[in-house]
Amino acid sequence: MLETNNEEVKKAYLVCPYDRNVNSEYQSTELRLLAESDFYEIVKINIFQPRELNARTYFGIGKAEEIKQEIKDLGVTTVILDAKVSGSQLRNLSEIFEAETIDRTMLILDIFAGRAKSKEGKLQVELAKLKYSLPRLSYLGLKQEKMQGKGAGESLRDLSKRKIQDDILKLEKEIKVIQKNRDVQRKQRSFYAKSVALVGYTNAGKSSLMNVLSKAGTYADDRLFATLDVLTKKIWDSGTEYVLTDTVGFVSNLPHELMYAFSATLDETLDSNVLLLVVDSSDEHKYEQIDVVLKEIRRLNITDDRIILVYNKIDKICQEDRDNLKEYPFTTCKISAKKQINLDLLKKEILNKLNS
Ligand code: GDP
Ligand code: MG
């Protein structure tokens with residue numbers, strides 16, 4: 001046996017049918033990062049503006065046939081489609097492509113499923129999956145059948161909507177119980193200690209920062225969603241004790257079906273005394289990202305005086321760019337978690353806020 005690695009190479013072809021008001025560079029880069037974090041090897045990113053929208057196949061048949069040919073030539077295993085398509089459009093496209101075809105939401109769900117660690121995280125992902133599958137039963141059944149040989153999809157297709165709806169209710173109940181316990185734990189925590197939460201986009205360096213602040217081995221990794229679940233560390237610094245919480249990263253246009261799974265982790269930030277909004281200073285979309293996170297933070301009624309904007313990865317930009325980083329009406333720190341630059345400054349600001 002030559003094959004020692006039982007993980008197959010998954011080759012993905014990204015189909016990005018964007019209309020003209022979409023920032024195609026940004027969107028497609030994010031999709032690529034997402035796919036890579038789900039262990040796909042990307043063989044092609046096809047960005048185009050559909051000339052016509054087709055009810056059966058979303059974009060034109062001609063385009064679909066063209067893609068099919070490339071898929072064959074490139075040995076693609078999975079087509080990932082960055083568009084809001086219906087279950088039947090997805091099915092029709094996969095029949096044309098003769099390859100597994102998934103959309104962005106299914107990709108994110110797959111990543112969530114692979115990374116969820118806590119009981120609540122897992123249940124939330126399971127719930128999101130069921131809710132997503134409900135209107136897509138026929139397609140998913142078909143897909144399963146194709147993947148596992150004829151007949152294997154039957155069980156999935158035979159699951160009545162009623163059964164899935166029952167499962168959804170059961171899961172929701174179970175999650176409520178867990179959340180209640182979490183609330184109790186949280187109250188106990190906030191009774192003992194002050195709290196600081198890390199928020200921001202995936203890959204900004206939240207886990208790395210948690211690592212250096214707590215000097216404990218939090219998982220830090222270049223893939224997105226390295227932590228779906230809330231991670232918490234207790235920290236003592238110059239006589240002040242606080243709890244530091246890492247949250248799952250933001251993604252642009254998170255499908256609303258996944259919002260609860262995502263918010264489950266973010267709710268924790270509600271009762272944090274201080275929020276560290278971490279940004280990758282070298283990311284060209286950092287200001288858009290700050291805006292999105294701020295919007296979400298304000299939805300949770302968190303006031304500006306509790307925010308510290310952390311411009312991370314300043315080791316990746318030149319001095320002039322460091323000086324020109326946009327100012328906001330709250331405390332700002334320019335640091336590098338990796339190169340340990342200005343960490344003392346940040347620690348001081350955290351203590352200032354906690355003790356004010
Ligand atoms: P998270 O998704 O926000 O938790 O981000 P991670 O902490 O997992 O970091 C994502 C990637 O950025 C990892 O490869 C880190 O090594 C890298 N990284 C984090 N902080 C810095 C930094 O200050 N400078 C540089 N150059 N890389 C960093
Ligand atoms: Mg992380």
Side-chain angles (χ1 to χ4, degrees), residues 26 29-39 107-108 110-112 114-118 121 196-233 235 243-252 254 258 261-262 264-266 268-269 272 274-294 296-297 307-319 321-323 325 332-347 349-350:
Y26 182 65
T29 300
E30 192 185 63
L31 187 73
R32 178 177 57 77
L33 283 171
L34 285 167
E36 283 174 356
S37 74
D38 203 23
F39 306 103
L107 174 66
I108 295 175
D110 204 42
I111 297 167
F112 276 7
R115 306 292 166 93
K117 285 189 205 90
S118 78
V196 177
L198 292 152
V199 292
Y201 268 72
T202 43
N203 224 35
K206 297 179 298 300
S207 302
S208 305
L209 187 54
M210 177 132 175
N211 234 352
V212 290
L213 287 178
S214 66
K215 294 199 188 73
T218 320
Y219 181 38
D221 170 312
D222 215 356
R223 299 173 188 283
L224 306 174
F225 304 113
T227 48
L228 173 65
D229 302 292
V230 174
L231 287 170
T232 305
K233 290 255 147 63
I235 295 184
V243 168
L244 182 64
T245 302
D246 193 7
T247 65
V248 68
F250 281 68
V251 222
S252 73
L254 185 76
L258 306 189
F262 179 68
T265 73
L266 213 62
E268 293 261 337
T269 58
S272 293
V274 178
L275 255 110
L276 302 182
L277 200 176
V278 187
V279 200
D280 177 349
S281 314
S282 66
D283 191 315
E284 56 173 320
H285 296 290
K286 55 185 169 295
Y287 299 125
E288 290 169 54
Q289 296 174 344
I290 292 173
D291 288 346
V292 174
V293 179
L294 278 179
E296 188 66 18
I297 286 175
I307 301 172
I308 298 177
L309 175 62
V310 179
Y311 278 119
N312 188 31
K313 306 197 191 183
I314 57 161
D315 56 293
K316 289 178 83 177
I317 60 172
C318 67
Q319 188 59 47
D321 287 347
R322 289 182 194 180
D323 294 339
L325 287 169
T332 300
C333 277
K334 301 173 184 178
I335 68 148
S336 166
K338 196 173 186 173
K339 297 277 151 77
Q340 315 225 343
I341 304 170
N342 290 344
L343 290 180
D344 285 343
L345 230 80
L346 175 62
K347 285 181 184 173
E349 294 292 2
I350 294 173

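The analysis underlying the following values was restricted to heavy atoms, covering all of them including side chains, and did not include hydrogens, waters or symmetry mates. For ligands, and for the atoms within them, numbers begin at 1 and follow the listed sequence. Numbering of residues begins at 1 and proceeds along the displayed sequence.
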Distance-only N or O hit between ligand 1 and [X], under 3.5 Å:
X	value
Ala337	yes
Ile314	no
Asp246	no

Which ligand 1 atoms, with their elements, are less than 4.0 angstrom from a heavy-atom of [X]?
X	result
Ala204	3 (O), 5 (O)
Lys338	21 (C), 22 (C), 23 (O), 24 (N), 25 (C), 26 (N), 27 (N), 28 (C)
Tyr201	3 (O)
Ser336	22 (C), 23 (O), 24 (N)
Lys206	1 (P), 2 (O), 3 (O), 4 (O), 5 (O), 7 (O)

Residues Lys313 and Asp280 bridged, charged N to O under 4.0 Å: yes
Val274 vs Ile308 side-chain heavy atoms within contact, under 4.5 Å: yes
Side chains of Val199 and Leu276, heavy atoms from C-beta outward: is any pair under 4.5 Å? no
Between Asn203 and ligand 1, find which residue part has any heavy-atom pair under 4.0 Å and reply side chain, backbone, both or neither.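 Both backbone and side chain.
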Using every non-hydrogen atom in the two residues, find where Thr245 and Met210 come nearest and quote the distance to one decimal.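 Taking every non-hydrogen atom into account, C-SD, 4.3 Å.
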So which heavy atom on Leu198 is nearest to which on Lys206, and how close?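 In this case the closest contact between Leu198 and Lys206 is CD1-O, 3.6 Å.
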Say you draw a straight line from OG of Ser272 to CD1 of Ile307; how long is it, rounded to the nearest 0.5 Å? 11.5 Å
By ring pair (Phe, Tyr, Trp, His ring centres under 6.0 Å), which residues pair with Tyr311, not counting sequence neighbours? none
Quick test of your reading of the structure: of Lys339, Lys316, Lys313, whose heavy atom lies closest to atom 21 (C) of ligand 1? Lys313
